[in-house]
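Input: a single structure, listed below in structure tokens.
The sequence lines fix the lettering, A, B, ..., with proteins before strands; numbering per chain opens at 1.
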Number of protein chains: 2
Amino acid sequence: MVNNDIKQLDQIFSALSDATRREMLSRLAEREMPVWELAEPFNMSKPAITKHLKVLESAGLMKRSVQGRTHICRLTSSPLSEVADWLAFYEKFWSKKLDGLDEFLTSRKGE
Amino acid sequence: MVNNDIKQLDQIFSALSDATRREMLSRLAEREMPVWELAEPFNMSKPAITKHLKVLESAGLMKRSVQGRTHICRLTSSPLSEVADWLAFYEKFWSKKLDGLDEFLTSRKGE
DNA sequence: ATCATTGTTAACCATAGAGTTAACAATAAT
DNA sequence: ATTATTGTTAACTCTATGGTTAACAATGAT
């Protein structure tokens, strides 16, 4: 459903709009790790970490597997492909330094 | 400055996390247009539109040129290239359906 | 059995976000 | 000169977000 896609994009972009969460993804890109290890670089309380993880999880960017008392987190990158799809449409603009029709026309003045 | 880049990414992702703003960008990708025309599809008060435009503008995704009483909006897509750069790092993961090291190992079990 | 580790939940606070209405400013048209 | 159009600002509401501390649950180690 298209409407779901929109909501999903909302969630994904929103999840990515926080530097802490982006760094979490970056760490998980290297390897999976338990919450306590993932949290190490962040000067932040445990509940704050829990919240960030929930955001990533409900955006589909992370999954966890519970092993005893530790939760192993791993990157699930597939939602990023939707961002890439969205972005692909705009690539022609910046790659050609072309921002809207006016600049296109401007760039053709000398032809 | 790297710290500025982070803040800029925050702003860009945050600006993109709203469907209204994404649709605004989509409209501006076709051609530049005045605020009143850009606002047409949205069932929303004028001040709400103004706010969305400010968000896009301060994320660097839109610029305006004032012509009399109308403000002509145009897409400035260059910040999206930073999103693309950020995303490029993760492309290998989803393109190979590879989410973290464990799945990499799993995928090699049969070799 | 007790204690330490790992992590979540609940309750709270402060700030930001998305929307509203009412009022205004500037320009254009009559 | 008045009126209509285009858009912003101010002030307000409501909800979401990012953080905290305190308490708890579950597991593991001694």
Side-chain angles (χ1 to χ4, degrees), chain A residues 3 6-28 31-75 79, chain B residues 3 6-28 31-75 79:
Chain A
N3 229 322
I6 289 176
K7 267 204 171 174
Q8 217 184 325
L9 260 190
D10 281 12
Q11 267 198 307
I12 298 167
F13 276 127
S14 182
L16 297 179
S17 74
D18 184 280
T20 298
R21 289 191 292 263
R22 288 199 305 277
E23 198 177 334
M24 284 175 161
L25 292 183
S26 158
R27 284 171 68 72
L28 292 179
R31 56 183 175 79
E32 60 178 33
M33 58 183 79
V35 173
W36 67 265
E37 187 179 358
L38 180 60
E40 268 181 346
F42 308 108
N43 190 19
M44 205 175 286
S45 68
K46 289 187 293 178
I49 299 291
T50 294
K51 285 190 184 180
H52 282 302
L53 292 181
K54 278 190 175 177
V55 172
L56 288 174
E57 220 171 359
S58 61
L61 291 164
M62 192 218 86
K63 279 195 175 19
R64 76 180 73 199
S65 64
V66 179
Q67 286 187 11
R69 64 184 166 185
T70 79
H71 297 201
I72 308 292
C73 305
R74 71 172 205 280
L75 180 70
Chain B
N3 230 320
I6 290 176
K7 269 204 169 170
Q8 216 184 324
L9 260 190
D10 282 12
Q11 266 197 307
I12 297 167
F13 276 127
S14 182
L16 297 179
S17 74
D18 185 280
T20 299
R21 288 192 290 265
R22 287 198 304 277
E23 198 178 334
M24 285 175 161
L25 292 184
S26 158
R27 284 170 68 71
L28 291 179
R31 56 183 175 79
E32 59 177 35
M33 57 184 80
V35 172
W36 67 266
E37 188 180 356
L38 180 59
E40 268 181 344
F42 309 107
N43 189 19
M44 204 174 286
S45 67
K46 289 186 293 177
I49 299 291
T50 295
K51 284 189 185 179
H52 282 303
L53 293 182
K54 277 189 177 178
V55 172
L56 289 174
E57 218 170 1
S58 61
L61 291 163
M62 193 218 84
K63 278 195 175 17
R64 76 180 75 199
S65 65
V66 180
Q67 286 187 13
R69 64 184 165 185
T70 79
H71 296 201
I72 308 291
C73 303
R74 71 172 206 281
L75 179 70

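The closest side-chain heavy-atom distance from B/Arg74 to B/Leu28 is not below 4.5 Å. In this structure, the side chains of A/Met24 and A/Cys73 stay at 4.5 Å or more apart for every pair of heavy atoms. Side-chain contact between A/Leu38 and A/Leu53: present, with at least one pair of heavy atoms (C-beta onward) separated by less than 4.5 Å.
Counting only distance, with no hydrogens or angles, the side chain of A/Ser14 and the backbone of A/Gln11 share no donor-acceptor pair below 3.5 Å.
Of all heavy-atom pairs between A/Leu61 and A/Leu25, the closest is O-CD2, 3.9 Å. B/Ala59 and B/Pro79 make their closest contact through O-CG, 3.6 Å (heavy atoms, listed as atom of the first residue, atom of the second, distance). Of all heavy-atom pairs between A/Asp18 and A/Thr20, the closest is OD1-N, 2.8 Å.
Residues satisfying the side chain to side chain donor-acceptor pair (under 3.5 Å) criterion with A/Arg21, sequence neighbours excluded, are A/His52.
Here the P atom of nucleotide C/dA16 and the CG atom of A/Asp18 are 14 Å apart, to the nearest Å. Taking atom CG of residue B/Leu16 and atom P of nucleotide C/dA18, one finds them 12 Å apart after rounding to whole Å. Between B/Met44 atom CE and C/dA18 atom P there is a gap of 10 Å when expressed in whole angstrom units.
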Can you check nucleotides 2-5 of chain C for protein contacts, nitrogen or oxygen pairs under 3.5 Å, and list what you find?
{"from": "C/dT5", "atom 1": "O2", "to": "A/Arg69", "atom 2": "NH1", "distance (Å)": "3.0"}

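Residue-to-nucleotide proximity on DNA chain D shows that, of A/Gln67 and A/Asn43, the 5′-proximal contact is made by A/Asn43.
With values rounded to the nearest 0.5 angstrom, A/Leu16 atom CG is found 12.0 Å from B/Ile12 atom CD1. Taken from NZ in B/Lys54 to CE in B/Met62, the straight-line distance is 11.5 Å, to the nearest 0.5 Å. Of the inter-residue distances, the one linking A/Arg22 atom CZ with B/Phe13 atom CZ reads 6.0 Å to the nearest 0.5 angstrom.
In the helix from C/dA1-D/dT30 to C/dT30-D/dA1, the terminal helix axes, each the rotation mapping four pairs' C1' atoms onto the next four within five end pairs, subtend 10°, rounded to 10°.
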Using a 3.5 Å cut-off and no angle test, enumerate the donor-acceptor pairs between side-chain atoms of residues 63-72 of chain B and protein atoms at least two apart in sequence or in another chain.
{"from": "B/Arg64", "atom 1": "NE", "to": "B/Glu57", "atom 2": "OE1", "distance (Å)": "3.3"}
{"from": "B/Arg64", "atom 1": "NE", "to": "B/Glu57", "atom 2": "OE2", "distance (Å)": "3.0"}
{"from": "B/Arg64", "atom 1": "NH1", "to": "B/His71", "atom 2": "ND1", "distance (Å)": "3.1"}
{"from": "B/Arg64", "atom 1": "NH2", "to": "B/Glu57", "atom 2": "OE1", "distance (Å)": "2.8"}
{"from": "B/Thr70", "atom 1": "OG1", "to": "B/Gln67", "atom 2": "O", "distance (Å)": "3.2"}

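Close approach of DNA chain D to chain A, defined as any atom under 4.0 Å from a non-hydrogen atom of the protein, starts and stops at D/dG18 to D/dG28.
Residues from residues 46-57 of chain B with heavy atoms under 4.0 angstrom of DNA chain C, sorted by number: B/Pro47, B/Ala48, B/Lys51, B/His52.
Within the structure, a side-chain polar atom (N or O) of B/Ser45 is placed less than 4.0 Å from OP1 or OP2 of C/dT20.
Each side chain to side chain donor-acceptor pair (under 3.5 Å) pair with one or both residues in residues 35-49 of chain A, not counting sequence neighbours, appears once here: A/Arg31-A/Glu37.
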